[in-house]
Number of protein chains: 2
Amino acid sequence: MPSPKAAAGKATMPLRHAAAPLRRSRPVIELGVLDERLGYFVRRLQVWVFQDFIRRLSSLDISPAQFSVLVVISANRGLSQAELAATLDIERARLVRLLHLLERRGFTQRLPSPADARRHALRLTREGQKVLARAKTLAARHETALKQKLGPARYQLLLATLREV
Amino acid sequence: MPSPKAAAGKATMPLRHAAAPLRRSRPVIELGVLDERLGYFVRRLQVWVFQDFIRRLSSLDISPAQFSVLVVISANRGLSQAELAATLDIERARLVRLLHLLERRGFTQRLPSPADARRHALRLTREGQKVLARAKTLAARHETALKQKLGPARYQLLLATLREV
DNA sequence: TATTGTTATACTCTATAACTATA
DNA sequence: TATAGTTATAGAGTATAACAATA
């Protein structure tokens with residue numbers, strides 16, 4: 001997301017460090033110590049990811065959190081809310097409202113769990129499966145855009161590295 | 001190319017994919033397609049970063065956003081709110097409230113800009129400089145913790161890679 | 001006309017605490 | 001006692017729109 005206003009640097013030099021503002025009243029703002037903080041760059045990339053994802057799935061009105069919930073329910077039919085919340089690091093209380101919304105839109109169901117009366121067994125409705133299929137198509141395009149933004153080599157490197165953590 | 005739920009655990013295999021739940025009632029929850037999505041892992045790391053950062057700076061009550069604002073003002077004394085907002089990708093409207101808060105706490109000042117009456121020239125107060133110095137110490141500990149969580153090699157790889165983006 | 005800082009609004013997300021029903 | 005789901009609330013963050021002062 002940083003400067004597309006490339007310029008007169010060595011090829012290996014990060015664009016951010018390239019000098020020479022295009023016009024006189026365009027001062028270069030220093031990042032200070034942030035330029036050495038991994039968390040700062042992770043945050044910037046994550047913001048880009050969410051913005052692009054939300055934009056690409058806007059026709060379905062599916063947020064990143066909603067998408068991840070639909071995906072995990074689909075891949076683990078009958079799991080409980082506590083399991084889902086723990087898997088995605090969502091607060092149980094927040095998940096309740098997320099599921100209210102998805103249920104109201106006809107995408108998910110909460111069925112009584114046969115083994116434990118406290119639990120709900122989560123599943124997608126037929127409609128939920130259909131919308132998830134369409135969402136996956138759009139999400140794949142987002143992933144392609146992300147790969148293009150980063151460059152295929154960096155993309156693969158980051159995915160392989162972060163998956164191991 | 002790294003096939004996710006491939007065979008039984010090779011040594012290089014991510015722990016997430018290792019099978020064998022410790023007890024019978026601890027089912028393995030599948031991530032589905034999320035396991036191939038860079039954005040998912042970026043988000044998870046970013047959440048960890050924020051939680052650790054907030055915890056480590058809780059004694060100063062400085063959020064990641066507040067820290068980044070103080071750092072950039074310190075490194076660019078006299079810059080305008082618009083410049084600061086653009087640098088950190090913060091909405092101008094949001095920055096106003098952030099600065100209200102920091103000013104109320106005595107950390108920042110908005111001085112009239114000599115060149116342009118519409119602008120404010122931002123700077124840290126003496127107190128702001130002191131609190132930033134302490135915050136930097138705690139933030140450095142957070143960075144060390146992040147390096148330890150990821151492993152030094154992965155940390156360096158990620159920092160170098162993301163900085164280039 | 002465009003930009004800077006501002007106010008206002010609405011919605012989402014996060015973090016807690018407390019309640020109920022079940023185990 | 002502990003757990004699963006729920007409700008309620010407060011505080012951040014995000015996204016807009018509109019406005020006055022100034023360029």
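Below, chain A is the first sequence line, B the second, and so on; all start at residue 1.
- Between D89(A) atom CG and dC13(C) atom P there is a gap of 15 Å when expressed in whole angstrom units.
- Under the 4.5 Å side-chain heavy-atom criterion for Ile, Leu, Val, Met, Phe, Trp and Tyr, V165(A) and L157(B) are members of distinct hydrophobic clusters.
- For N76(B) against V28(A), the heavy-atom pair with the smallest separation is OD1-O, 4.0 Å.
- Scanning residues 73-82 of chain A for heavy-atom distances under 4.0 Å to DNA chain D yields S80(A), Q81(A), A82(A).
- Counting to the nearest Å, the C1' atom of dT7(C) and the CG atom of L98(B) are 16 Å from each other.
- The shortest heavy-atom contact between H142(B) and V49(B) is CE1-O, 3.4 Å.
- For the pair F41(A) and R37(A), the tightest heavy-atom approach, listed with the atom from each and the gap, is CD1-O, 3.3 Å.
- The pair E83(A)-R119(A) meets the salt-bridge criterion, with a side-chain N (NZ, NE, NH1 or NH2) lying under 4.0 Å from an Asp/Glu carboxylate O.
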Base versus backbone protein contacts along nucleotides 14-23 of chain C [heavy-atom cut-off under 4.0 Å; B, S, -]: BBB-----BS

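- Atom pair L95(A):CG and dT3(D):C1' shows a separation of 15 Å (rounding to whole Å applied).
- Look at H100(B) and you'll find a side-chain N or O under 4.0 angstrom from OP1 or OP2 of dT7(C).
- Between L111(B) atom CG and dT4(C) atom P the separation is 18 Å, expressed in whole Å.
- One atom, CZ of F53(B), and another, C1' of dA12(D), lie 15 Å apart when rounded to the nearest Å.
- Considering every non-hydrogen atom in both F53(B) and A139(B), the closest pair reads CE1-CB, 3.9 Å.
- Atom pair L84(A):CG and dT6(D):P shows a separation of 12 Å (rounding to whole Å applied).
- Atom-to-atom, CD of E83(B) to C1' of dT4(C) comes out at 11 Å; the value is rounded to the nearest Å.
- Summarising the geometry of L70(A) relative to L132(A), their closest heavy-atom pair is O-CD2, 3.7 Å, with the distance given to 0.1 Å.
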Derivation of the side-chain contact (heavy atoms from CB on, under 4.5 Å) call for V42(B) and L158(A): CA-CA 9 Å; V42(B) 170; L158(A) 289 171; over 6 Å; no

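- Residues L146(A) and G39(B) approach most closely at CD2-N, 4.1 Å, considering heavy atoms.
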